[in-house]
There are 2 protein chains.
Amino acid sequence: MTNTQDEVASKSTRELILDEALHCFADRGYEGTSLNDIAAGVGIRRPSLLHHFPNKEALYADVFEMLLSEWLEGLEVAISSPTSGWDKAELVIRAGFDLFASTPDYVRIMRREALDSGVHVGVDLAGFLRPLFDKACAYFTQEMQMGNFRQHNAQHLIITGYGAILTYFSDAPFIDELLNDKALTPQNIQDHCDHVVSFFRSALLV
Amino acid sequence: MTNTQDEVASKSTRELILDEALHCFADRGYEGTSLNDIAAGVGIRRPSLLHHFPNKEALYADVFEMLLSEWLEGLEVAISSPTSGWDKAELVIRAGFDLFASTPDYVRIMRREALDSGVHVGVDLAGFLRPLFDKACAYFTQEMQMGNFRQHNAQHLIITGYGAILTYFSDAPFIDELLNDKALTPQNIQDHCDHVVSFFRSALLV
DNA sequence: TGCCCTACCTACCAGTAGGTAGCGAGTTAG
DNA sequence: CTAACTCGCTACCTACTGGTAGGTAGGGCA
């Protein structure tokens, strides 16, 4: 229940359900979340929830579709920017951080889905993201061939970056305890973003 | 069921249950795994399983304790090696890879636990790992002060490394689909390990 | 032989899961 | 005014959950 009173008043029940479902699925996973939990969070009963979505799977699929479309939209802007060289890489890293910082629940759902190899969502997740992956590979390969970046295997490089960036958000509860601090405050996110950028710059720039 | 016929014959029922539980919990999570699943995997009924463990939580706790003790033992050797400078960092990274490669199911359970902020396991996971974390921080800080490594924030550096390394194993099913290849073949693990080592060397060495 | 112990079994329990049937108040359209 | 639709509800279903009760086959032992 992250919605303000105004949002509750202005949003449709369907949207409220999607919001609550997103939060529950991110927090406790698909199996760990019951439709009763979600309905209670919205303030209705389970059968009423099932008026808006045919079943649990469909609800989850809708949440996930929301996630994918928002992410694709957010990343597309950064990826297709007319910059090049390190500037572009930094732009994409920072865009990714901004995106994930504004939707940490999405990151946790994504991570759970990666762990479960996408058994809950109908769409082929990896197939959906492969175009972006290939685009990024081509970009790094090109920059390395031009001598702008140090030589690394592009595929492994992106997987390493994917892990490094996503983990900060997905494992935030764990990192909280490790640091005795809140990982997801704006300041700490900014600090970690700056660190990742400077770390990758060190590794890539000659 | 990753046990060979010989292992099945030689292992006690209790050990067989622990093996199967490890696999199930890693694959489908705590909520997604039923005691029936585990018992069926071993070839007994649920009540027989509960003869060996008082309840589901206790079984999970025992699996997790197994994980922690094996990891601590494996990492302790590398961390306390009498090397220094980059050699030590590389030794620890490679030891981590070897450890995770030999126990990929542990990595996935660990990831799930980090996502759930350790609600299923009684022990304070972060508290348990903090000594290692602090030790690693102190090490990197010292090396950076001596001018052996480039300047990075040690805490953020370790979190980045943790994410980069763990993700390759925890998200292996997803990476499989992304690469159209098996991430966890010995060759691919070796390649990715080499990449991470060279990536971190580029970022850290002046 | 009689007794305890381990390790399994079937049968059952209460609780909860996802999902359906059908009722009723409120709104809207013809 | 009424018919249809929307969106809540209660009541119920079946399937399955973790867990318990009680029984039994067989081994070791006095």
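FYI, side chains are in, hydrogens and waters are out, and symmetry mates aren't considered; it's all heavy atoms of this structure. Chain letters run A, B, ... following the sequence lines, proteins first, then strands; residues in each count from 1. Not measured: the values here are computed from a predicted model.
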Just call it for B:S48: base, sugar-phosphate, or nothing, with non-hydrogen atoms closer than 4.0 Å on any strand.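 B:S48: base contact, heavy atoms under 4.0 Å.
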Just to be sure I understand the rule, does B:L50 reach a base, reach only the sugar-phosphate, or reach nothing, if contact means heavy atoms closer than 4.0 Å?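 Touches a base.
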Mind calculating the distance between [atom1] ([X]) and [atom2] ([N]) to the nearest angstrom?
| X | N | atom1 | atom2 | result |
| --- | --- | --- | --- | --- |
| A:N55 | D:dT14 | CG | C1' | 16 Å |
| A:L16 | D:dC7 | CG | P | 13 Å |
| A:L49 | D:dC7 | CG | P | 13 Å |
| A:F53 | C:dG18 | CZ | C1' | 16 Å |
| A:E57 | C:dG19 | CD | C1' | 13 Å |
| A:K56 | C:dT16 | NZ | C1' | 12 Å |

Residue-phosphate contact under 4.0 Å: B:T13 side-chain N/O, C:dC8 OP1/OP2: yes
Report yes if at least one side-chain N or O of B:N36 is closer than 4.0 Å to OP1 or OP2 of D:dT17; otherwise report no.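 Yes, because at least one side-chain N or O of B:N36 sits under 4.0 Å from OP1 or OP2 of D:dT17.
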From the set C:dA17, D:dG19, C:dG22, return the single nucleotide nearest to any side-chain atom of A:H51. C:dG22
A:P47 side-chain proximity, nearest of C:dT20, D:dG19, C:dG19: C:dT20
Just checking A:F64 against A:F25, ring centres under 6.0 Å apart?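 Ring-ring flag for A:F64/A:F25: false, centres at least 6.0 Å apart.
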Starting from the 5' end of DNA chain C, give me the residue, A:D37 or A:P54, whose nearest nucleotide shows up first.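 Residue closer to the 5' terminus by nearest nucleotide: A:D37.
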Is the shortest side-chain N to carboxylate O distance from A:D116 to B:R112 below 4.0 Å? yes
Identify whether the distance between the nearest side-chain nitrogen and carboxylate oxygen of B:R108 and B:D171 falls below 4.0 Å.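 No salt bridge links B:R108 with B:D171.
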Any donor-acceptor pair under 3.5 Å joining the side chain of A:R45 to the base of D:dG8?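 Result: no qualifying N/O pair found.
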For B:R46 and A:I44, find the nucleotide of DNA chain D closest to each by heavy atoms; which residue's nucleotide sits nearer the 5' end?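 The residue mapped nearer the 5' terminus is A:I44.
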5′-ward residue of the pair B:E31/A:H52 relative to DNA chain D: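 Looking at DNA chain D, the more 5' nearest nucleotide goes with A:H52.
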Geometric class of the B:H192/B:F97 ring pair [parallel <30°, tilted 30-60°, perpendicular >60°]: tilted
In terms of side-chain heavy atoms, does B:R150 have a donor or acceptor partner in A:S198 at a distance below 3.5 Å?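 Result is no, nothing qualifies.
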